[in-house]
Amino acid sequence: MRLSPRQYLRRRIREYIFRRIRRVPGPVTVRRQRIYIVPTRFGYVFGLMLFVMLLGAMNYSNSMAFALTFLLAGLGLVCMHHTHRNLVHLSVRAGRHAPVFAGHDAQFQLVLDNPAAAHRYALVASPVDDEQNPLHFDVPAHGSALARLLLPAPRRGLLPAPPFRLYTEYPLGLFHAWTWIELDMQCVVYPAPADSRLQPPPAPGGDSGIPDRIGGKEDFIGLRNYQRGDASRLIHWKTLPRTGQLMVKQFADPVQRELWLDWDSLAGMDTEARLSQLCRWVLDAHRAGKSYGLALPGTRLPPASSEQHRHACLEALALFQGGTVAT
Amino acid sequence: MSATPNLIAHRLAAHLSPDPSPPGEAALPNWTLLRLLACLAVVILPHFQRLPVWASVLVTAVLVWRGLAALRRWPLPPAWLRSILAFAAFAGLFLSYGRINSSEAGAGLLVVMVALKLTEMNRLRDCAIVLMLAYFILVTHFLASQEIGTTAYVFASAWLVTALLLEASHPQGPLPPRATLREGATLLLQAVPLMLLMFVLFPRIPGPLWGVPADTHSARMGLSGSMEPGTISQLSRSDEIAFRVVFLDPVPPPNQRYWRGPVLWNYDGRAWGAGHETPAATALPAPQSLGGGVRQEIMLEPHDQNWLLALDLPAQGPPQSIQGSGYQLLSSRPLRERQLYQVLSYPRYRLQPELPEPTRQRALQLPRYGNARLRALAQEWRARSRSDRDVVNAALRMFNQEAFVYTLQPPLLSRTSAMDDFLFNTRRGFCEHYASAFTLLMRAAGIPARVVTGYLGGELNAAGGHFTVRQSDAHAWSEVWLPGEGWVRVDPTAAVAPQRVESGLAAALPDSEAALVRRGSDIYWVYQLESYWEWTNAIWNRSILAYGPELQQQFLERFGIRDWYRMTLVLTALVVGFLALLGAVLLWQARPRGIDDPALREWARVGRALARRNLPRLPHEGPRDYAERVARARPDLAADMDRISGLYIGLRYAGVDDRAALRQLRDYARRFKP
């Protein structure tokens, strides 16, 4: 790999800095010693403008041109301190972080507390190496603000939050003051739900002996594609103009609601595909308001139908460590 | 159904990323844009008096159009159209100014290009760039004027620009104008001490670095170094200040307040000129004083010429000055900045009692033709007189006794024999007519004579105690060389209008014309205000605008700072010291601070006491919930908690502003021992 000296230097500096940041549960208070500050590109241009102004003032021996140039130079220097002040003594802690499905953006909530009687304007939090989605926020005096870091979560499991940069260029955009913070927080990433119409098998441990639990008469549970032989009274005409596809209403009987979603019923697929499929079933079952249980090697979650249960099931899928043991 | 989880995730993602645009890419809110346009209008306004008319119209049109485009959502012009516009504007400016490298054309180009930049601006980042250019436009105003008014205007505009720059650095949306103006004022006021330090201590380099474009001083008024009917009467209508004088010795009487400027030797039949001055070749004998000397400190406004004005007759000028062949003071370089200098003058003097032959020839030179009647008259006086002095008196007698009129509006004179026409036909004129005619008469009579131009008079400023000499005080008189006496000042205008010498121009003119030159109000307090204003301006010019390399050195030497090395050292130390102080103050402001509320303090005391009994207040718990929970856990404290929380809620949330309630709360809280 070829690295330009600048990139190399940048990487070394970053490594040095990251060795110094400690991963802490928070809250972290931004200390004076940990604030770095450099002029922005706009700041450099401003400096260049001041230099040209100074040359002009000298050339024309123009006292007031000197005065304005010096006032603006003073403004730049004062601005540096204000930019620094905008960051110092802020306190950062981890907020809630909702789980996401693999393939989407994980989000980490940061709560910024301003313990001072001075407003903090235009702060930005941004994960390392991702300048795409900076979030600007103000923190009122004695108040708090919520920042959300978005980070792609391609794989299921636990996604630790990366170190992130908290920076500001307020008040005049001439200086960039930043600090690195690494909060010990992680986000649960559920498996991506499979995109299949595979039906869950009848539960082996269920008390219902009816092989095909779908086909009951009592409760509407959803739509499925029309298959040859379906009764015409079951066709859901309303979706036809929208999708151009014939859909058939499905019903189930209450007695059949208890449902086991079983790892073993998906033998022959690889681990991730199985987990995706189980995830899909969990979502479908939850949506249908059914009571369902999840059986994984080493884990059995008894049937239930609450929101917490859904999360517990999906989390079990997300954190599943077992191999492809098919019994 | 398969789409459902994806949909949820999408909604989630949409909800979680409220601000998808990168930092500088934030769109420019209309409100910010309109404020920017208003601010630019303020910044550019003073340039409108100097820009070509079409450019002013173009700039105004672009500003108005951009505002409307934002409000009505019109599209911005495509790149090719913008390029054509920019090129056309450049060409137009080149044609209007004839060049592009002068300071005025440069400022014009800057203003027009900033206006054109608006046609492509729709991001917050562009806003910052435009504002930076606005700072630059502001500094160009000072090339035209550094008056107090201009300075105040420019600095107030800089405040507006800074406030907008604050807004441009806040991508979440416009801040309230009052907040940005207050914050901008804070920043600028904190920068003022740094400005003062740098202004005083930053080493000043003398002179132009790359040469001053010739047009910079084109509009200067003042004596021109030649005189032909009309030049001085032009000046007479100008209120502009030529110079200010502080007398360091007793003030000479009004009829001695002649200020010597260019001395004119050469007459070409129409105009008087100074001729070629060769200061090195003329080893002039020093003037001889017939009385005390008068020292003056003069603050001369720049006039882009070489002469330094001084009380007649300057005997000892400032070190950098040289003496012209007519004893006038000259500077080696044209005066492009205000000049402060001291001169020693002899109001009564004897000058060159021995006249060298080349000088005599020069002072007798006459055109070969023209003005025949004038020559004849001079010959006639010559023949009748016993001495040169008699000829002088004959001429003065004629001006005084015959029907000569002093007026600022003389009729036109014939082209070939202007002085004949003036002496024998029109007889209406101004100082230049009388000085010119008199000098010619003397030369025609064989008496060496020359024209001296300069100023006469000056107005005492009651507030500052200095004299202000304006362009309207410009004057011309004669000097004749008399045997045994040397050069003698003769003011033929005094023979016609003695008031001109004693009381100034307005007094000498007929009432119908006096209004043209009158200055100063007749109302006493207005007049006083005017003199205070003039005094303020004098101080402004004397100590601030003239603060250049020389004044800096003089001033800093008082503190023992003699060279650039020390200046830089002291400057750096003071700037760093101030910044350290400011940094400490700002850190102090940002320090974590409890809310300073006595009721809250007492409530926190109660919370701490309960925390020791394992009943800490939970973060989410309001005072009422907390009191209830405590009461359930410790029924013995229920009454106390009820009273305390009731008082606390009243003071903090119900807006009860009651000293008694607070005292009671404090009482309960301190006695509360769970």
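By convention in this document, chain letters (A, B, ...) are assigned in the order of the sequence lines, proteins followed by strands, and residues within each chain are numbered from 1.
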Answer yes or no: is there a side-chain heavy-atom contact under 4.5 Å between A:F42 and B:R125? no
Which atoms of A:N114 come close to chain B, meaning under 4.5 Å heavy atom to heavy atom: side chain ones, backbone ones, both, or neither? neither
Side chain, backbone, both or neither: which part of A:H119 has an atom under 4.5 Å from a heavy atom of chain B? neither
Option in A:A117, A:A57, A:S91, A:A67 with maximal non-hydrogen atom pairs under 4.5 Å from chain B: A:A67
Please examine the side chains of B:L587 and A:R32, heavy atoms only from C-beta on, and report whether any two atoms are closer than 4.5 Å. yes
Shortest non-hydrogen pair, B:L579 vs A:H81, comes out as O-CE1, 3.3 Å
Could you report the tightest heavy-atom contact between B:V192 and A:L71, atom names first, then the distance? CG2-CD1, 3.9 Å
What part of B:I129 gets within 4.5 angstrom of chain A, counting heavy atoms only: side chain, backbone, both, or neither? both
Looking only at heavy atoms, what is the nearest atom pair of B:Q146 and A:S63, with distance? OE1-N, 3.2 Å
Between A:A116, A:A118, A:G56, the one whose heavy-atom pairs under 4.5 Å with chain B are most numerous: A:A116
Give, as side chain, backbone, both or neither, the part of B:T140 having an atom under 4.5 angstrom from any heavy atom of chain A. neither
Tested for side chain to side chain contact (heavy atoms under 4.5 Å, CB included) against A:P171, the lone hit among B:L165, B:T180, B:L166 is B:L166
Please give me the minimum heavy-atom distance between A:V88 and B:A590, naming the atom from each residue. CG1-CB, 3.7 Å
Can you tell which part of A:L77 gets under 4.5 Å to a heavy atom of chain B, answering side chain, backbone, both or neither? both
Return each pair, listed once, that meets side chain to side chain donor-acceptor pair (under 3.5 Å) where at least one residue sits in residues 189-201 of chain B; pairs must be two or more places apart or across chains. A:H82-B:Q190
Go through the atoms of B:E183 and report whether side chain, backbone, both or neither lie under 4.5 Å from a heavy atom of chain A. side chain
For B:M198 against A:G74, the heavy-atom pair lying closest together: CE-N, 3.9 Å
Quick one: sort the B:F202 and A:F70 rings into parallel, tilted or perpendicular, breaks at 30° and 60°. tilted
List the steps and the verdict of side chain to side chain contact (heavy atoms under 4.5 Å, CB included) for A:F46 and B:Y135. CA-CA 10 Å; A:F46 186 79; B:Y135 280 133; 4.0 Å; yes
Sorted by chain and residue number, the side chain to side chain donor-acceptor pair (under 3.5 Å) partners of B:N537 (sequence neighbours excluded) come out as none
Part of B:L197 within contact of chain A (heavy atom distance under 4.5 Å): neither
If you tally heavy-atom pairs under 4.5 Å between each of A:E169, A:H89, A:M64 and chain B, the highest tally belongs to A:M64
Once rounded to the nearest 0.5 Å, what's the spacing between atom OG1 of A:T69 and atom CG of B:L138? 11.0 Å
How many angstroms lie between atom CG of B:L194 and atom CG of A:L75, to the nearest 0.5 angstrom? 10.0 Å
Quick check on B:W159: does its CH2 atom have over 12 non-hydrogen neighbours (other residues, nucleotides or ligands) under 6.0 Å away? no
Quick one: closest heavy-atom pair of A:D138 and B:Q172, and the distance? OD1-NE2, 2.8 Å
Pick one of side chain, backbone, both or neither for B:W588, based on which atoms fall under 4.5 Å of a heavy atom in chain A. neither
Atom CG of A:L54 and atom CD1 of B:I205: how far apart are they, to the nearest 0.5 Å? 8.0 Å
Ranked by heavy-atom pairs below 4.5 Å to chain A, first place among B:V154, B:L133, B:L175 goes to B:L175
Side chain from CB out, backbone as N, CA, C, O: work out which of these in A:L55 comes under 4.5 Å of a heavy atom of chain B, or both, or neither. both
Looking at CZ of B:F136 and CG of A:L68, how far apart are the two atoms once the value is rounded to the nearest 0.5 Å? 10.5 Å
